[in-house]
Amino acid sequence: MINEDDELIQTYVEESRDHLSDIENDLLTIEKMGAHLDEELINKVFRAAHSIKGSAGFLGLRNIKDLSHKIENVLGMIRNHEMIPDPEIINILLHAFDQLKKLINNIDQSDQIDIAKYVASLTRLTTIVLSSENKEIFSNMVDICLPDGNAVFRLSEFDLSQSKKGARHLYLVECDLIHDVQKKGKTPLTILSDIQDIGIILESKVDIARVGTLEDEALPNGIPFIILFATIIEPDQITTLFEIHMDKIHHVTEDMMIKSLPKNEACQSKKATDQTDLAPEKQKSVPTFEPCEQRLKIGDEHLQVSKKETSLRVNVGLLDSLMVMAGELVLSRNQLLQAISSGDRQASKAVGQRIDLITTELQEAIMMTRMQSIGNIFNKFPRLVRDLSRDLGKEIELILEGEEVELDKTIIEGLSDPLTHLVRNAIDHGIEAPDARRKAGKKINGKIFLKAYHEAGQVNIEISDDGKGIDGDCLASKAVLKGAISKEQSIVMSDRERLNLIFLPGFSTAENVTEISGRGVGMDVVQNNLDKLGGQIEIDSKPGQGTKIRIKLPLTLAIIPSLLVTVGDENFAIPQINVDELLRIPYTQVKDRIEVVGNTAVVRLREELLPLIRTADVLGIDCRYIDPADQIKKPNKRHSIADRRSKKSPLIKLHYLPITESLEPLNQSERRTQMDRRSRSNSALNIVVVSTGVFKYGLVVDALHDSEEIVVKPLGRHLKNCKGYAGATILGNGHVALILDVTRFAQMAGLTSLSGKNREAQGIGAREGQNIQEIQTLLSFRNALSEHFAVPLNLVQRVEKVKASDIERIGEKRVIQYRDASLPVIFIEEVAEVSPMVPGEDVLIIVFSVAGRRLGLFAAPPIDIVEVPLIIDDTTLKQTGIMGSIVIGNRTTLFVDIYEIVEKLYPAWFEKLNQNYAHRLSD
Amino acid sequence: MSLSFTVNNSQLSKTTELATFYIGEALCGIDILKVQEINKVTNLTRVPQAPEYVSGILNLRGSIVTIIDIGRKMGLEPLEDIEQSRIIIVKFENEYVGLLVDRIADIEVAEADKISPTPSSVKGVDEKFFKGVLRTERDLILILDVKEVLKVDESD
């Protein structure tokens, strides 16, 4: 029936939303103050309810009118000190306002939504206060009549007596919608709000019945709009207020009121049902109606509302300045056109500069219109905290800071959900119950801080609590139970990584799934939501002391600084926020810096192994290199796709090159050409170290360019299945560049947050569960290309890189100068029957300390540290110097028995250390 | 107001102007009112990992437009001669999409009674892509069902 497009209704909805926006916090303040009433505040809330009621009557919104009327009654009694606002009353009011919000947000269906429950609770509140003999004034109805005797309104005696308090007079005003409203350029709503400024509207309606029917001879010359209101203004002054003929304003006197029967039968039966509703509730001390469910939806409802909002309030000053700048822009354009047509280069240059300035200003101003303060979200948390802590029997104080910090509208909208979730978590899991807190020696009331602040062009939001914190070990063991990670992984993880496990999908920390949390919406959803906003999340927690969650957000989504890179023929943009650093590894260093672990290439960067992804591989496009001969980009066809996907990824091959050259003569020519081209093209590896917030990895790209401020544009529907892109942007030259989504990109490349650690536990998975063996840290290395070796790390003193030319040969033995002494260096093949190593220019030497003396062992890279359970196959490949074999990362690795080697080559070194070795190994 | 609308409507149903173009050998047409503009192929940015029929994206005065090789979408060979080819920009479900065609032909007036149903397979293309066939003195014009051609396959 009601059309939402109707401008009047729209205005009403917007105004009502405005009225309701601060109600929650005002009520909470009122609750805190209790008997020491803040008149100002209660009046504000009262007025809000009142204005909503006033216009609702006119618009025929029955439910909204009824509910706001009841709310108004209760508020009125609080205002008149007839009732002291205790938590119970506030609770009922809060819920009633919630329902009112719901009605207003669904204004079309508002009359179909059930409000009986709320009306009943509110009515009960008002009746409790009144003495029993007064109660019948609720059921006694009074008809208000026009002087001609027609009854227009029916009110309860209670409402009448309430409105007449404070020496108010009742007036009945007959406006005419055609003459008094429309012809004077007013709307019914302005009339109503005018009246509200001077009094209280009790009832209002458009009297269609009195318009007459079409059969009547004369067309109706007016549509009467009747308002019943109470004010303190005396009858002799009232006419001056209205531009209405004084005949139409009636002072309601006793003789205009006709007491009617208590209620008609329909009302009677309704009342009966109300009372049955009330009966069970009355027995409880705290009237609760489905509190949890109701409250938990709060956040969701808020979100829905914010999604629905399509209009935005903008500061008029800002709008004016936008207008001025738009004018400037038009002027400059005209000048530019002129300058271009007259060919005046000087002038066009000047105009160009002006346009540059104006666009920058214009852009900033337009961005400003999108900014909203984060208080919009923060403000709903006091209520959330209050309600949840009541339900859970916890005492929690919420401290808000930095509500004025502004963020882009889109971010604010997207932030509501994750923040609600985090606050909910803090209340439910973070803060302990009062008993537990007392036992832990903490203050009984827990604290939750919510803080927003600017830092380095980003907005940080911190949610911290002084609760029990998150136990990383507990998380780890749970993750192992769920099979998300292996036991070995859980052991090698850092504390930060353990805490980050909470972001794994389907991971709930709750011991018991409660009503509030553990509903299947986990931290992974929070993280996903934040990812979409370009935000990052960090968790810091100390068991027993509390948890601090920090969210970093860009100020705006629309324009982001980005790094431009080239892959193949195309340019791509990587959001600067994801870029940690840039690495350029010259060709000559590739072999030292890049290592291969499992089948992932990694780069060693400050003691950290970063997995590398070749962007071109993930995208399935060809790399390019610039041919130095003609400076033209040429396709780099070194590898077929199948080759790329195989274990020997290009990076690995590069790495093998220096060693394998003379080793595999059959492949030599092919490999040489590769190497030659690689060196001739002089191409270094360009790596963009990106961070997804949880982990870092390196993106190998063909070329790096500048950082640019880019405008994010969405991609069309045909490209929605291309997961690696966050959108597209238009570059300065008009070309389009795709924006890479580094998180999704890592997923596409099969890299997960745990992969960095995965490699270390590779190969263990298969054996897991058979028998958990002792975990041993091993140093793995190679001798010949295809043979892998390992030694216990605790026997290794150092790994040194020396020049091949530094090696001195004395007879059969080799030594190098090492710390002012001669260090004997040996090859494994001197003792064991393994393929000989061919040293390149640089060689690695693993220095052992055996029997108080040092011994060097030649080794080939990559050298890596792995943690594996020591399951040694001591039969298959056992030989002198080789204790046996183990499997590390799907590769058979020979376990070197350094003692046996020493025994064989330098028997004099030790006689009694054999048993010692066995002992140390088992350490 | 309502009167003039009905007049317009009936006129529309009688004759439609078609912008015609070639996809491979086939002469196709779409309602000219659906066409926003026709552009040369410049500065196309390829999108790795996109469905095969997406030739790329380009910048249309600040909006990103997806370019669909409609021949490819309908199961024909990819377009080769880029020199003659044009991009027809159409608005499709609140989004601009570019149709990559081999070359542009004339504008033809199609009278409703001259449009006949599509034969089951025209030049190796599924009939579902066409709304009908217009017979003119010289040619047969296949009237493209833009909705069908631009439908996103869930499988891509």
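Letters A, B, ... mirror the listed sequences (proteins, then strands); counts begin at 1.
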Trainee: Give, for atom CG of A/L738 and atom CZ of B/R46, the distance between the pair rounded to the nearest 0.5 Å.
Mentor: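 One gets 12.0 Å once the value is rounded to the nearest 0.5 Å.
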
Trainee: Go through B/I64 and A/T729 one step at a time and tell me if the side-chain contact (heavy atoms from CB on, under 4.5 Å) criterion holds.
Mentor: CA-CA 8 Å; B/I64 306 287; A/T729 187; over 6 Å; no

Trainee: Measuring heavy-atom distances to chain A, does B/Y96 have an atom under 4.5 Å in its side chain, in its backbone, in both, or in neither?
Mentor: neither

Trainee: Below 4.5 Å from any heavy atom of chain A, which atoms of B/V65 appear? Answer side chain, backbone, both or neither.
Mentor: neither

Trainee: Could you state the interatomic distance from CG (B/N59) to CG (A/L731), rounded to the nearest 0.5 Å?
Mentor: 9.5 Å

Trainee: Please give me the minimum heavy-atom distance between B/I57 and A/A728, naming the atom from each residue.
Mentor: CD1-CB, 4.0 Å

Trainee: Using heavy-atom distances under 4.5 Å, tell me whether B/L150 contacts chain A through its side chain, its backbone, both, or neither.
Mentor: both

Trainee: Rounded to the nearest 0.5 Å, how far apart are NE2 of A/H718 and CD of B/E95?
Mentor: 7.5 Å

Trainee: Which atoms of B/V47 come close to chain A, meaning under 4.5 Å heavy atom to heavy atom: side chain ones, backbone ones, both, or neither?
Mentor: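 Both backbone and side chain.
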
Trainee: What is the minimum heavy-atom distance between B/P51 and A/L719, and which atoms define it?
Mentor: CD-CD2, 4.3 Å

Trainee: Verify, without hydrogens or angle tests, whether B/T45 (side chain) and A/A737 (backbone) share a donor-acceptor contact under 3.5 angstrom.
Mentor: no

Trainee: Would B/T66 and A/L715 count as a side-chain contact (heavy atoms from CB on, under 4.5 Å) if you check the C-alpha gap in whole Å, the side-chain angles of each, and the deciding distance to 0.1 Å?
Mentor: CA-CA 8 Å; B/T66 314; A/L715 287 174; over 6 Å; no

